[in-house]
> 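One structure, as structure tokens, below. Some questions next.
Predicted model only: the values in this text are computed from it and were never measured.
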Number of protein chains: 2
Amino acid sequence: MASERDHKPEAPGDGPGEGTVGKALAVLDDIAARGRPVRFAELLETSPFPKATLYRFVQVLTRQGMLSYDPERQTYAPGLRLVRLAHAAWQASSLAPIARPHLDRLSRATGETVHLAQLDAGQVLYVDKRNAREPVAMYSQAGKVGPAYCTGVGKAMLAYLPEAELAPVLQRQAWHPFTPKTITDAASMRAELAAIRARGHAFDDEEHEPGIICIAVPILTRAGRVLGALSVTSTTARTSLEGLTEHLPEIRRAVEAIGDEAQDWRFPDQAAE
Amino acid sequence: MASERDHKPEAPGDGPGEGTVGKALAVLDDIAARGRPVRFAELLETSPFPKATLYRFVQVLTRQGMLSYDPERQTYAPGLRLVRLAHAAWQASSLAPIARPHLDRLSRATGETVHLAQLDAGQVLYVDKRNAREPVAMYSQAGKVGPAYCTGVGKAMLAYLPEAELAPVLQRQAWHPFTPKTITDAASMRAELAAIRARGHAFDDEEHEPGIICIAVPILTRAGRVLGALSVTSTTARTSLEGLTEHLPEIRRAVEAIGDEAQDWRFPDQAAE
DNA sequence: ATGTTAGTTTCATTATTTGAAACTTGGTTT
DNA sequence: AAACCAAGTTTCAAATAATGAAACTAACAT
């Protein structure tokens, strides 16, 4: 620590200090975020990099297999090498492998949709899921991201985040009012988070999608650090928030088991930032 | 150096010409390949980079979320950012989204384990899967990689690869004899590939795991370019190679539908190299 | 206390990235 | 058909970032 090595003046991802690698990864993120194949010119429009520089990044990433290129349409999309790498990440750095049997049990016990999520860059990252029927665990479902401020798992994790980490995360939220019930500012959120801490679990009361409700409980280490969250989702047609609390004992059992096992397996740190 | 810019003298992944980004990604690959959290010193042992350089790569990758770091154990593992990126890759650059309904149908029709795979860096990359009605203990999931030379899907794809792409891929195979029936050299493989082309489908006759057999058919564009392969897997206890051919009509239907739709969706190129 | 190993920082040298501009290609308009 | 235009690609000197030997520090084991 040379006294000015540790300040972070720039946005995450690029900026000086993150080097060439950081910039290239920012380009990769950009392409991934669009959700469809993009042309070079499209990228260039919003890119902070000059033409030749962006061009070289895209070339290197393509040669590396991090992007795939469609020569006919001249479009770029995230490449298959990522799928291979992510499999390793999913196994080594997510709660999914540990949580698997507990998700299975919870799914069978409740018959409802079950989600396992972790925080990544201030967003909810779903790392596993059980549908009411299918027992498969794959990227069709894992890897999806969602907002933290209007999902049960998101709020459950935020509620137990230390202030130093919470503040920057709240600042990053989009606060888009998906439904009339969506919480749309940091102050209201802090009140909600206090309520969640008081009762030990979070609800999603149609805050993201109308008709969809869920109950979520955070997964914590013994020391109280947030690892992730588990939720059981249903519809207003089928039950109510009070109805969902029926599953609390089962959820609690799963959450505690996962937290304990994660502790013993000495789990990699997954910073929210 | 204007006249020697375009030769490729080095291994894929690193070497001059691939720049800092290529080197950093090689480090990432290295860590992912180990399949467990690794310490810095372990990495250093086999790394071509000097201490300080490797150290900085690992730092940058960690700050970027491509690696996660366990401060207690001082170990690195692939990070969650990869899971997020892979979701986008899976949707945009794999056959999985297109193939999904066809896999479902095939799975229902056969009741057996169904795999969808593509080639990535000369290896078989499983991009989707359906479990058998009566599940057998087997581990293959989306993102998992396997050898090309001793799996049904691998051989099916190799059989239709143009010579220019086939030769380097064959050279890269490990030819490890998993079972007595494993094909262990390129010459025998070329004979096998000819046989596959002659009948239009490939078998895995316990070449990877004893007792596990499968039938696989390549997914091709109308122009004949290999996109991937589809397989139906079972056990010698339950059926035989001849028994598996019963599913051929169903598999063919799925393969043709997927090939056609991929063509229309104008699919990103996924080079085997 | 002392030795040893693993991890981290420094800094002059070296090599790579950078980006404005020129160039090429493929398609469209006059 | 020639001229034009837009998208993509290459060039090259200047600017910047990467490199790696060596020095340093922390933590553990003797």
> Please state whether the phosphate of C/dG7, meaning OP1 or OP2, lies under 4.0 angstrom from any side-chain nitrogen or oxygen of B/Arg39.
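Yes, such a contact exists.
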> Whole angstrom is fine here: how far is it from CD in A/Gln74 over to C1' in D/dT9?
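Spelled out: CD on A/Gln74 to C1' on D/dT9 is 11 Å.
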> Angle, rounded to 10°, between the helical axes spanning five pairs at each terminus of the helix from C/dA1-D/dT30 to C/dT30-D/dA1?
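That helix gives 30° between its end axes.
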> Using atom OH of A/Tyr76 as one end and atom P of D/dA7 as the other, report the distance to the nearest whole Å.
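One finds 14 Å between P of D/dA7 and OH of A/Tyr76, rounded.
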> When you measure from the side chain of B/Arg172 to the backbone of B/Ala121, do you find a donor-acceptor pair of N or O atoms at a distance under 3.5 Å?
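Yes, the answer is positive, given that a donor and an acceptor are paired below the 3.5 Å cut-off.
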> Residues in side-chain hydrogen bond (donor to acceptor under 3.5 Å, both in side chains) with B/Arg190, at least two apart?
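Partners of B/Arg190 by the side-chain hydrogen bond (donor to acceptor under 3.5 Å, both in side chains) criterion, ordered by chain and then number, come out as B/Glu163.
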> Has A/Tyr55 got a side-chain N or O lying under 4.0 Å from the OP1 or OP2 atom of D/dT10?
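Answer is yes, contact under 4.0 Å.
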> Who pairs with B/Ala229 by side chain to side chain contact (heavy atoms under 4.5 Å, CB included), at least two apart in sequence or on another chain?
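Side chain to side chain contact (heavy atoms under 4.5 Å, CB included) list for B/Ala229, sorted by chain: B/Val153, B/Ala156, B/Met157.
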> Rounded to whole angstroms, how far apart are CZ on B/Phe40 and P on C/dT5?
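Rounded to whole Å, this separation is 17 Å.
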> Take the protein atom CD of A/Glu42 and the nucleotide atom C1' of D/dA7, then report the distance between them rounded to whole Å.
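From A/Glu42 CD to D/dA7 C1': 12 Å.
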> Out of B/Val226, B/Leu170, B/Val124, B/Ile196, which residue meets the side chain to side chain contact (heavy atoms under 4.5 Å, CB included) rule with B/Leu158?
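Of the listed options, the one satisfying the test is B/Leu170.
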> I would like to know whether A/His87 and B/Val145 meet side chain to side chain contact (heavy atoms under 4.5 Å, CB included); could you show each step before the answer?
CA-CA 9 Å; A/His87 180 73; B/Val145 289; over 6 Å; no
> Calculate the interatomic distance between B/Leu54 atom CG and C/dT9 atom P; express it in whole Å.
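Between P of C/dT9 and CG of B/Leu54: 15 Å.
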> Distance-only, no hydrogens or angles: does the A/Ser93 side chain make a donor-acceptor pair with backbone N or O of B/Pro78 under 3.5 Å?
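Yes, the answer is positive, given that a donor and an acceptor are paired below the 3.5 Å cut-off.
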> Please check if the side chain of A/Glu42 supplies one atom and the backbone of A/Arg39 the other of a donor-acceptor pair under 3.5 Å.
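A pair under 3.5 Å: yes.
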> Please state how far atom CD in A/Gln59 lies from atom P in D/dT11, giving the value in whole angstrom units.
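For the pair A/Gln59 CD and D/dT11 P, the rounded distance is 12 Å.
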> Determine yes or no for a side-chain-to-main-chain donor-acceptor pair under 3.5 angstrom, with B/Trp90 supplying the side chain and B/Val127 the backbone.
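Checked: pair present.
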> Excluding sequence neighbours, so at least two apart, what forms salt bridge (Lys or Arg N to Asp or Glu O under 4.0 Å) with B/Arg197?
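Expected list: none.
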> I'd like a list of close polar pairs between nucleotides 12-14 of chain C and the protein, N/O only, cut-off under 3.5 Å.
none

> May I ask you to decide if B/Leu95's main-chain N or O and B/Gln118's side chain share a donor-acceptor pair within less than 3.5 Å?
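Yes, B/Gln118 side chain to B/Leu95 backbone: donor-acceptor pair under 3.5 Å.
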> Testing A/Tyr76, A/Tyr69, A/Tyr55 for ring-ring contact (aromatic ring centres under 6.0 Å, His included) with A/Phe40, which one passes?
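Single ring-ring contact (aromatic ring centres under 6.0 Å, His included) partner of A/Phe40 among A/Tyr76, A/Tyr69, A/Tyr55: A/Tyr55.
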> If a protein heavy atom is under 4.0 Å from the base, mark B; if only from the sugar-phosphate, S; if neither, -; do that for nucleotides 18-30 of chain D going 5' to 3'.
SBBB---------
